[in-house]
Every structure is written in structure tokens, then in C-alpha cells.
Asks: 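Once you've had a glance at the structure underneath, I'll fire off some questions.
Just so you know, these numbers use all the heavy atoms, side chains as well, and skip hydrogens, waters and symmetry mates. Numbers restart at 1 for each chain; the letters A, B, ... are given by sequence-line order, proteins then strands.
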There are 2 protein chains.
Amino acid sequence: MRVVIAKCSVDYDGRLTAHLPLATRLLMVKADGSVLIHSDGGSYKPLNWMSPPCAMAEVEPDESEVADGVTAVWVVQHAKSEDRLRVRLHEVHSDTSHDLGVDPGLVKDGVEAHLQRLLAEHITTLGDGYTLTRREFMTPIGPVDILCKDAAGATVAVEIKRRGDIDGVEQLTRYLELMNRDTHLAPVTGVFAAQQIKPQARTLAEDRGIRCVVLDYDDLKGIDNSEHRLF
Amino acid sequence: MRVVIAKCSVDYDGRLTAHLPLATRLLMVKADGSVLIHSDGGSYKPLNWMSPPCAMAEVEPDESEVADGVTAVWVVQHAKSEDRLRVRLHEVHSDTSHDLGVDPGLVKDGVEAHLQRLLAEHITTLGDGYTLTRREFMTPIGPVDILCKDAAGATVAVEIKRRGDIDGVEQLTRYLELMNRDTHLAPVTGVFAAQQIKPQARTLAEDRGIRCVVLDYDDLKGIDNSEHRLF
DNA sequence: GTGTTAATTTCGGCT
DNA sequence: AGCCGAAGTTAACAC
């Protein structure tokens with residue numbers, strides 16, 4: 001990895017056009033040729049960048065660029081599209097390279113899959129007398145997250161999201177339409193379960209007779225832990 | 001901005017739990033206290049990070065950490081949540097700081113907002129006699145991009161996309177259904193406007209009586225420029 | 001500030 | 001390889 005601190009201006013041309021005026025920034029050139037341009041603030045997203053696969057070529061500045069104080073020009077061309085990045089370097093404060101090797105990668109825990117497992121294990125969170133039929137119940141248009149029965153024995157399809165928005169309601173609606181055409185399953189009611197439900201999604205869901213349930217991940221995990229402690 | 005190249009392991013605990021095994025990486029500490037951990041590949045997204053507002057404290061490694069070869073520990077705590085990042089540094093290959101100053105920021109051109117503004121300013125692109133009612137017309141299920149009236153005075157809802165896909169047609173359909181239930185607005189017709197419209201989206205739209213309009217960004221900008229030149 | 005949508009989204013899983 | 005959905009999404013913008 002090459003790390004350069006330099007005063008530079010940048011132009012991107014591809015899916016859109018973008019320009020960065022002259023300022024001092026950090027330029028990162030990774031082993032795969034990708035380039036990141038960071039300022040001293042903002043978030044993890046660079047001001048500008050080129051994703052791999054791409055190639056970086058260092059070319060000589062032309063006459064007018066030299067007159068403007070440009071000492072080097074980087075042309076970063078994407079391998080499979082017309083996306084192109086042009087970095088004009090003025091003063092270079094630092095230019096170093098380091099051998100980092102291949103990264104072993106990130107290990108994650110606590111995403112939607114986890115939420116689905118916890119709700120399936122504690123299905124009575126949806127109401128007394130609820131019983132799990134199965135997780136990932138397959139339909140011709142995709143898997144329903146959880147299929148269960150309520151206290152009265154009626155079938156209930158559950159769609160789980162971390163953040164419940166309109167897309168999730170549409171998804172559940174499609175499943176319900178399809179399943180209610182199946183005389184063996186019908187009638188099937190819907191539950192939209194999420195850690196957070198957007199007002200617009202709630203409006204749409206309730207308008208369609210779908211119940212909304214807000215899940216608390218820590219509560220579910222808490223039940224899980226306390227139950228484990230009993231054994 | 002501080003840039004460190006070091007062999008390190010990282011633990012994140014907050015919205016989820018994540019762990020990075022020992023390896024050599026680039027650590028970036030920005031002026032606002034945010035921290036980015038990059039490997040020599042992937043894309044612009046760091047392996048792990050902490051977004052501002054947050055504070056970074058360098059603490060002494062405990063006895064067992066010293067035994068493992070840890071020379072320093074960074075604790076990065078988010079200011080408004082329980083999100084925390086713990087970086088255990090082993091060998092430090094490089095540790096430099098640079099004053100970058102405030103960045104003037106990126107100038108973009110050619111995104112959807114720009115397209116929407118241009119079409120609103122030149123609403124007769126949709127037909128002679130069209131008049132703008134308003135942009136971002138709010139409904140209970142979200143904002144309609146543009147609401148206008150045709151030459152006959154009938155209300156028209158416009159959905160704008162850079163790339164016209166089926167999702168966009170579904171979105172507009174929902175708005176139209178809702179608005180046509182409102183006796184003050186009905187009847188409302190729809191226009192699906194995009195720089196590029198997929199054949200499937202066009203078929204679906206036209207089947208539902210929604211007119212499709214392909215927008216030419218450069219043309220709209222051209223009109224804009226020539227009009228500005230008149231004054 | 002809250003809330004919603006777009007993004008040069010990126011990333012992962014599955015068909 | 002393409003499609004679909006999630007993400008510690010982040011960023012811009014309207015109310």
C-alpha cells in the first residue's frame with residue numbers, strides 16, 4: 001500500500017462528473033490498484049475514489065499543468081467501464097509504501113439472521129399460544145422468514161427486518177397474496193416484525209391488515225440467556 | 001490527520017459485535033477523532049471504523065495484553081451511543097501526523113436531485129401547457145417527486161429516476177392509487193421520467209396507463225444554459 | 001431535529 | 001456471472 005500526503009485537485013468522470021478543488025489530502029493506493037482520496041474529516045467514505053478492478057498510471061503533466069504548479073498526474077482507469085479518475089499533484093508532503101499482506105477478514109455477529117433465529121426460538125413474543133411451524137418457509141417467489149400458528153391455530157407469516165420500511169411490507173404482501181391462493185394454507189395473516197418500523201411502512205402495513213411488531217434485540221437475547229441459565 | 005501502519009487486532013462492540021484478527025493494517029485518525037482501519041484491498045469501505053462524534057484515548061495495555069505482545073491500546077468511544085472500538089497495537093511500522101486543513105468539498109453534477117430540479121424548471125419538457133404545482137409533494141406514504149398540471153388542467157404525478165426500473169413504477173403506482181382516493185386531487189395521471197427506461201419497466205408502466213418519458217440530461221442542461229445566457 | 005430517499009452505494013449469499 | 005437484499009450503511013434534502 002502506497003500512502004501519499006499531497007496538495008492536489010481531483011476530477012472524476014464516469015457515472016457522474018465530480019471535481020475536488022486544490023487542497024491537501026491523503027491519497028491511498030491499494031495493492032489491487034484502487035485509489036482512495038481522504039480529507040481530515042467526514043466519515044469513512046472518501047471524498048473521491050476508484051474501485052477495483054482498475055489501473056493507476058503516473059503521467060507527465062502537460063505544459064499548462066506545469067504552469068499551474070502540477071508536479072505529477074495520476075490517471076486511474078477502471079478496467080470494465082469508462083470511469084476515470086484524474087489526480088493532479090502539486091506539493092507532495094509525504095510518499096511512503098508498506099507491505100501489509102493479505103487480511104484475514106472481519107468476523108461479525110448480531111445481524112438479521114441472528115434476529116430471525118432468536119424470534120423463532122421465542123415465538124410467543126408475538127402472543128401467547130403461538131407455535132413455530134418453520135423458518136425460511138419456501139414459496140415459488142422466495143422464502144418466508146417465519147411461518148407459525150396463533151393460539152387459534154390460524155397460519156401466520158412473519159417478515160423480519162432490522163429496519164422496517166415499505167419494501168419489507170411489499171415483500172410480505174406478495175407472500176400473503178400467494179399463500180392465500182393456496183387452499184391448504186389459507187387463510188394466512190401477516191406480521192411485520194422489525195427492530196424499528198418507519199411510520200410510512202406502518203401505515204401501509206396496517207392499511208393491508210398486517211400487524212406490526214417492534215422487536216427488542218437485547219430483550220430477545222436476554223430471554224435466551226436467562227433460559228440457558230435454567231439448565 | 002494521524003496515519004499509523006501497524007500490526008494490530010481490533011474489536012468493535014455496538015450495533016453488532018465484530019473482531020479483526022492480528023494483521024498489519026493502516027490506521028487513520030482524523031481531526032474529528034474518527035478512526036478508520038484499512039487493509040490493502042477491498043473497496044473504499046474500511047474493515048472497521050468509528051464515525052464522529054467520538055473520542056480516541058490511548059491507554060496502557062494490561063498485564064495479559066503485554067504478555068501477548070501488545071504495545072499500546074486505543075479505545076475509541078462514540079459520543080452519543082455505546083459504540084466502542086478497541087485497537088490493540090503490536091508492532092508499529094510507521095506513525096506520522098499531517099496538518100491537512102479544512103477541505104473545500106466535492107462538487108457533483110448529474111445526480112437525481114439535479115435531474116429533478118432541471119425538469120421542474122423546464123416542466124414543458126413533458127408537453128406544451130404543463131405547469132408546475134410543486135416538487136416533493138408529500139403523501140402519507142412518501143413524497144411524489146413532481147406534481148404538475150397538463151394543458152387541460154388535469155393533475156399529473158411525476159416519478160423521476162436516473163435508471164427507470166420496475167421498482168420506480170411500483171412506487172409511482174402506490175402514489176397514484178392513494179392520490180386517486182383523494183376526491184380533491186382525483187383524477188391524477190402518472191408520468192415515469194428517467195434517463196434510461198428498462199423495457200420491462202416501460203411495459204408495466206404503459207400497462208397501467210402511466211406515460212414514459214426519457215430525459216436527456218445534457219439537453220435539459222443545455223436549455224438551462226441557453227436561458228441563462230439570455231439574461 | 002426528524003424523517004425519507006438516493007448512492008460513483010458496497011457487500012454477501014444464492015441461483 | 002447476475003440478481004436480490006442487507007448494511008454498524010452514509011449523505012443529501014425536505015418538513
Asks: Can you confirm whether the side chains of B:Lys30 and A:His38 place a donor and an acceptor under 3.5 Å from each other?
Replies: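 Yes, A:His38 and B:Lys30 have a side-chain donor paired with an acceptor closer than 3.5 Å.
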Asks: Ring-on-base stacking between A:Tyr44 and D:dT10, under 5.5 Å between centres and under 30° between planes: is it there?
Replies: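 Per 5.5 Å and 30° rule: no stacking.
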Asks: Compare side-chain N and O positions of A:Ser51 against OP1 and OP2 of C:dT8 and report whether any pair is under 4.0 Å apart.
Replies: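 No, no such contact exists.
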Asks: D:dA7, OP1 or OP2 - any side-chain N/O from A:Arg162 closer than 4.0 Å?
Replies: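 Checking A:Arg162 against D:dA7: at least one side-chain N or O falls below 4.0 Å of OP1 or OP2.
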Asks: Nearest to the B:Tyr175 side chain among C:dT8, D:dA1, C:dT5, which nucleotide is it?
Replies: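 Per side-chain heavy atoms of B:Tyr175, the pick is C:dT5.
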Asks: Mind checking A:Met50 for me? I need base, sugar-phosphate or nothing, with any heavy atom below 4.0 Å counting as a touch.
Replies: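 The residue A:Met50 makes no contact with any strand.
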Asks: Can you find a side chain N or O atom of B:Ser43 that sits less than 4.0 Å from OP1 or OP2 on C:dT9?
Replies: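 So the side-chain polar atoms of B:Ser43 never come under 4.0 Å of the phosphate oxygens OP1 or OP2 of C:dT9.
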Asks: Between A:Arg15 and C:dT9, does any side-chain N or O lie under 4.0 Å from OP1 or OP2?
Replies: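 Yes, within the criterion.
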Asks: OP1, OP2 of D:dT9 versus side-chain N and O of B:Lys45: anything below 4.0 Å?
Replies: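 Result: no.
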Asks: Thinking salt bridges, do A:Glu170 and A:Arg174 make one under a 4.0 Å N-O criterion?
Replies: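 Salt bridge: no.
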Asks: Give a yes/no answer on whether the side chain of A:Trp49 brings an N or O atom under 4.0 Å of OP1 or OP2 in C:dT10.
Replies: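 The answer is yes; a side-chain N or O of A:Trp49 sits under 4.0 Å from OP1 or OP2.
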Asks: At 4.0 Å (heavy atoms only), tell me whether B:Arg134 reaches a base, stays on the sugar-phosphate, or touches nothing.
Replies: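 Sugar-phosphate, backbone atoms only, no base.
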Asks: With a 4.0 Å limit, can you tell me whether A:Arg202 has a side-chain N or O closer than that to the phosphate oxygens OP1/OP2 of C:dG3?
Replies: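 Checking A:Arg202 against C:dG3: no side-chain N or O falls below 4.0 Å of OP1 or OP2.
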Asks: Does OP1 or OP2 of C:dA6 have a side-chain N or O of B:Lys161 closer than 4.0 Å?
Replies: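 For B:Lys161, the contact criterion (side-chain N or O under 4.0 Å from OP1 or OP2 of C:dA6) is met.
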